[in-house]
Amino acid sequence: MIEKEEVLKLANLARLEFSEEELGRIMKDMDDIIAFADTINNSVEGDAEKIRNVSSSATPAEEFREDIVKESLPNEKILSNVNASKGMFCVKGGI
């Protein structure tokens, strides 16, 4: 279980401040996160083949579609529905 002092040290490093109530919730959440990470570690510990199987299911780069450069819309068309613009910029509240 994560100790209050550890959470306070991390909060200090991250420049965060918590009330006592928030601190209790954060400690519980961190315990849950650590327990989840432990579950993952225990499920693959000693069997590196499981890790390899996960990474090998990714799509190879050769199977991605080819990048094709297409001409975009002209700025006038893009800005045609804007109330106020100045060049390529939309102006909030008018010019």
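Positions are given from 1, in the same order as the sequence printed here. Note that the coordinates shown come from a computational prediction; the quantities given were computed from them, not determined experimentally.
Distance check, rounded to the nearest 0.5 Å: CE of Met27 to CG of Asp31 gives 7.0 Å. In this structure, the separation between NZ on Lys77 and OG on Ser72 is 13.0 Å, given to the nearest 0.5 Å. For the atom pair CD of Glu17 and CG of Leu8, the computed distance is 11.0 Å after rounding to the nearest 0.5 Å.
Side-chain atoms of Glu6 and Met1, non-hydrogen and from C-beta on, never get closer than 4.5 Å to each other.
By the rule that hydrophobic residues join a cluster once side-chain heavy atoms approach within less than 4.5 Å of another member, Leu10 and Ile33 end up as members of separate clusters.
For the pair Glu5 and Lys9, the salt-bridge criterion is not met [side-chain N within less than 4.0 Å of a carboxylate O].
Nearest heavy atoms, Ile26 versus Phe18: CD1-CE2, 3.0 Å.
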